[in-house]
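Following: one structure in structure tokens, then a few remarks.
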Amino acid sequence: MSKGASLDYKCRRCGKVVKDSHVPDGTLAVVYLTIGAQFPKEWGDTAVNMISSHHCSDGNIGVIDLIGCEFDK
């Protein structure tokens, strides 16, 4: 059973956890990202990666890593 989820990323620089990406199936999203597979076409143009950049509250830029997902309630 698929369950929507927010992807969780953690900044290497400031430690903040960022949850600003939502996917229709959290389990599949984490698996696809981990193995480098493309998301299903039905998910549209969901642009997420294993790592990305993050604007820290002090004005600097950090790198964020995928740490998991939080399923919708």
Minimum heavy-atom distance between [X] and [Y], given as atom pair plus value:
{"X": "Cys11", "Y": "Cys14", "value": "SG-N, 3.4 Å"}
{"X": "Asp72", "Y": "Ser6", "value": "OD1-N, 4.3 Å"}
{"X": "Cys56", "Y": "Gly62", "value": "SG-N, 3.9 Å"}

Please list, one pair per line, the donor and acceptor atoms closer than 3.5 Å that link side chains of residues 28-40 to other protein atoms, with sequence neighbours excluded.
from: Thr34; atom 1: OG1; to: Val30; atom 2: O; distance (Å): 2.6

(message) Please enumerate all residues that pass side-chain hydrogen bond (donor to acceptor under 3.5 Å, both in side chains) together with Lys19, with sequence neighbours excluded.
(response) Glu70
(message) Is there a path of hydrophobic side-chain contacts, each under 4.5 Å between heavy atoms of I/L/V/M/F/W/Y residues, joining Phe71 to Leu66?
(response) no
(request) Scan residues 45-58 for pairs that pass salt bridge (charged side-chain N to carboxylate O under 4.0 Å, His left out), counting only residues two or more places apart or in two chains. (result) Arg13-Asp58
(message) Once salt bridge (charged side-chain N to carboxylate O under 4.0 Å, His left out) is applied, what residue pairs with a partner in residues 27-36 remain, sequence neighbours excluded?
(response) none
Using atom types as modelled, flag every donor-acceptor pair under 3.5 Å from a side chain in residues 47-55 to any protein atom, sequence neighbours excluded.
none

(request) Please write out which residues are connected to Val17 in a hydrophobic cluster, directly or through intermediates, given that two of Ile, Leu, Val, Met, Phe, Trp, Tyr count as joined at side-chain heavy-atom separations below 4.5 angstrom. (result) Ile67
(message) Salt bridge or not between Arg12 and Asp65? Use side-chain N to carboxylate O under 4.0 Å.
(response) yes
(request) Report the C-alpha distance between Val23 and Leu7 in whole Å, list the side-chain angles of each, state the deciding distance to 0.1 Å, and finish with yes or no for side-chain contact (heavy atoms from CB on, under 4.5 Å). (result) CA-CA 7 Å; Val23 291; Leu7 296 177; 4.0 Å; yes
